[in-house]
Amino acid sequence: MSKTAIIFGATSLIAEHTARLLAAEGWELVLVGRNRQALQVVASHVRLTGCAPVHELHGDATDMDSLPQLVESANQLLGRLDLALIAWGCFFPNPDARQIQEMERINHVATTALAKLLGQALAQQRGGTLAVLSSVAGDVLRPANYSYGSTKAALDADLQELRQTLAPCGVRVLTIKPGRVETPLTACVPRSPFSATPAATAAGICRAIQSKQDVVYLPGWLRAVFFVLRSLPKGLVKRLRF
Amino acid sequence: MPTPPLRQTEIVRPWNGWPAGPQKTLRVWRSADSLPQPLPGETFLPFGLGRSLSDVCLNPDGTLLRTPAMDRLLAFDETHGVIRCEAGVTLRQLLEFLTPRGWFLPTTPGTSQVTVGGAIANDVHGKDHHRNGSFGCHVTRLELLRSDGRRIECSPDTQGGLFLATIGGLGLTGLITWAEFRLKRMPSPWLNVESVRFGSLEEWRRVAQEDGAWEYTVAWLDGTRAPFPGLHIRGNFAASAPASYRMRRDAALTVPCDAPGWLLQPWLIGAFNRLKLLGQPAAVKKGRQDFQSFFYPLDQIGNWSRLYGRRGYLQYQFAAPHEHAMGLLQRVLETAIASRQPAYLVVLKTLGSAASAGLLSFPMPGLTAAIDFPNLGKPTLELFGRFDEMVRDAKGRLYPAKDPRMPAAMFRDGYPEWREFSRHVDPAFSSGFWRRVVGNTP
């Protein structure tokens, strides 16, 4: 029997490429997105190139009222779930108060709420992987990340808590920490020579799903970079310009 | 309020390495997205994989529209062999999808590292032009996104004028968001290939006259010495061959940086050419090749054009009617030798009589020759200037996708329909090439 996965924020480029890779390996997929037209286009490619059924589920999972209904529909489509992936994000450079609130709502509150709901579903079937896209920005907060980094730091903390809660039920929580990826999210800030492609990041996510890791950095060498940055004394960090 | 899209700055080089420079770029992520609003005086130009050997893919002082994520297949009719996909899909991607299903591209250029949008905008041709015409001949529909916000679906029947302008339209008629085109059945991933040795241009003409039964033909010749011996290569897909085939990765080897400018010397090329001919002592060699080796031998080496060094290379590609073409080719190659700048690579292809697919399509019934020279700067440009006279006398024309210095007069003489074409150009779209050949002519 083929494995099954549900992907929230499926129209994000990283999610889309992950879906392509999973479908090519024979995973049955439910793609959830709030932009119906974009979702159709994403699904048509995954369906054509993959080798298992691909379902589209249109809805806004960041909307607390429609969330339980969405998860319920997904359950009906798939039955048992091997993987749930949350892959959305929101980023504003130089955010004003309203934009900070929006980043907090999507990156932290809505993600955590959905993660808990999915975690319960996985715990009930006593197994599966809950993978959530966070960011290296949560590791070391710095001015260039504005308030984005703190929303991801809060998400990381919630995921750690969830990991402990769910571990006894055999559910794995996988925190995915990509560095800079070339996607619409970061198109509003100058390009970085170190940015990765969505395809490469998706390949890393698929490898991580097969592994037993709890936290994965993509590309892998970022783990060492951020270990060093985290270990620096705060007094020194404050003088750094990066 | 959405953040206004930021113009990034990137160093962009066309495939031949010249002219390279910083360019402003914007990304369009989805075929359903709208175009960003151009700033006052700003012009756009779609940029795919930058495989042109010219400034048709550059827009200095303007902005390039890049579409790295518009790589989705939208619909595939397996019974009739029709595919619809976003314009940023590469031919390589299509081959990975199509060939295991028994389908092949309607026609293909010598590299699979181009986008569908680029293949249409340059109306590329391949080794089967004498049979199947250019890429544009197989396009059934496409969608254009114009700077005024309109989305226009074009086909030969609806918006026919705009359709004809967009095929070979050098990206100037708007951003192609998706295209639909007919495919060709592929009996197996293998081709029966025959390589015929010839001793001179005259001999090549006799050999090429016997091409009747061959779908794909091309000739390579040694341009460093008269009377220009070479190999005429022809292939047909093999009907009965093992069907299982796994595509090799592209760019298994990559040239990491520009080689020193002195690396490729004329004597080295001459020796290489002699070795290549010595490698086939028989008059005719028959064999079997997979489609990747046959169509895309150079895709195995990433960034091979960097072997020419920092200044890159220039290709002179002309098409001319049959009656003048052989004489023209002879004169061009002899002039090159006489001016001590022998051609490094010469490829010949017979062009069929299929009607041109677009207003600015390059192929014409006759012959085309693509001739590579290292870019020595002024001497090479002067040499090309002398070629221009010969091409004009032979009623030929040059390929915009290959020519970063084509004088305006050569373009206007070669493409008399350019005025009709310019009526379809999007007012907010332009390119380095277009400004050079048309200037401020209304």
Side-chain angles (χ1 to χ4, degrees), chain A residues 10-21 23-24 31 33 35-51 54 90-99 102-103 146 148 180-193 195-202, chain B residues 1-12 22-34 36 49 63-78 82-90 92-101 103 116 143 151 177-178 180 183:
Chain A
T11 57
S12 91
L13 280 183
I14 296 175
E16 178 178 359
H17 280 271
T18 309
R20 290 182 188 183
L21 294 174
L31 306 180
N35 179 339
R36 190 188 292 270
Q37 194 185 10
L39 188 64
Q40 270 172 5
V41 171
V42 167
S44 68
H45 180 95
V46 176
R47 205 170 278 136
L48 280 169
T49 54
C51 39
V54 178
C90 171
F91 173 73
F92 296 102
N94 295 314
D96 57 24
R98 194 180 295 276
Q99 289 169 332
E102 179 69 357
M103 286 197 286
Y146 314 102
Y148 177 76
R180 177 80 180 267
V181 187
E182 208 187 309
T183 68
L185 189 86
T186 53
C188 51
V189 284
R191 282 165 60 78
S192 148
S195 54
T197 62
T201 307
Chain B
M1 212 194 67
T3 325
L6 176 77
R7 273 70 174 160
Q8 306 276 3
T9 302
E10 294 169 63
I11 301 290
V12 178
Q23 290 262 301
K24 285 204 279 285
T25 62
L26 265 177
R27 277 158 176 71
V28 183
W29 298 98
R30 298 179 189 284
S31 45
D33 284 358
S34 49
L49 287 178
T63 299
L64 297 179
L65 300 176
R66 304 198 64 172
T67 56
M70 272 167 57
D71 63 347
R72 304 170 185 97
L73 307 183
L74 301 174
F76 174 52
D77 178 343
E78 187 149 16
V82 180
I83 196 160
R84 192 162 75 86
C85 64
E86 290 185 325
V89 169
T90 67
R92 162 88 200 186
Q93 240 185 308
L94 285 172
L95 290 166
E96 280 169 7
F97 176 73
L98 293 172
T99 54
R101 293 168 168 84
W103 290 97
V116 167
E143 186 187 70
R151 292 182 174 276
T177 56
W178 57 258
E180 180 189 81
L183 303 166

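Lettering of chains follows the sequences in order, A, B, ..., and the numbering in each one begins at 1. Computed from heavy atoms alone, side chains included, the values below leave out hydrogens, waters and symmetry copies.
- For Gln37(A), the CD atom is loosely surrounded, since the number of other residues' heavy atoms within 6.0 Å does not exceed 12.
- Heavy atoms of Arg84(B) lying under 4.5 Å from chain A are absent altogether.
- Looking at Val189(A), only its backbone comes within 4.5 Å of chain B, counting heavy atoms on both sides.
- Heavy atoms of Thr11(A) lying under 4.5 Å from chain B belong to its backbone as well as its side chain.
- For Gln8(B) against Arg191(A), the heavy-atom pair with the smallest separation is OE1-N, 2.9 Å.
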Next on the checklist: Please determine whether side chain to side chain contact (heavy atoms under 4.5 Å, CB included) holds for the pair Arg30(B) and Val42(A), giving the CA-CA distance in whole Å, both sets of side-chain angles, and the decisive distance to 0.1 Å.
Outcome noted: CA-CA 10 Å; Arg30(B) 298 179 189 284; Val42(A) 167; 4.0 Å; yes
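- Partners of Ser31(B) according to the side-chain hydrogen bond (donor to acceptor under 3.5 Å, both in side chains) rule, which considers only residues two or more places apart in sequence or in another chain, are Glu86(B).
- Interface remark: Arg72(B) contributes backbone and side-chain atoms alike to the contact with chain A (heavy atom separation under 4.5 Å).
- Note on Asn94(A), Thr183(A), Thr197(A): by heavy-atom pairs under 4.5 Å with chain B, the leading option is Thr183(A).
- In this structure, chain A has no heavy atom under 4.5 Å from any part of Glu78(B).
- Glu182(A) touches chain B through backbone and side chain together, each having a heavy atom under 4.5 Å away.
- Heavy-atom distances place the side chain of Arg20(A), and not its backbone, under 4.5 Å from chain B.
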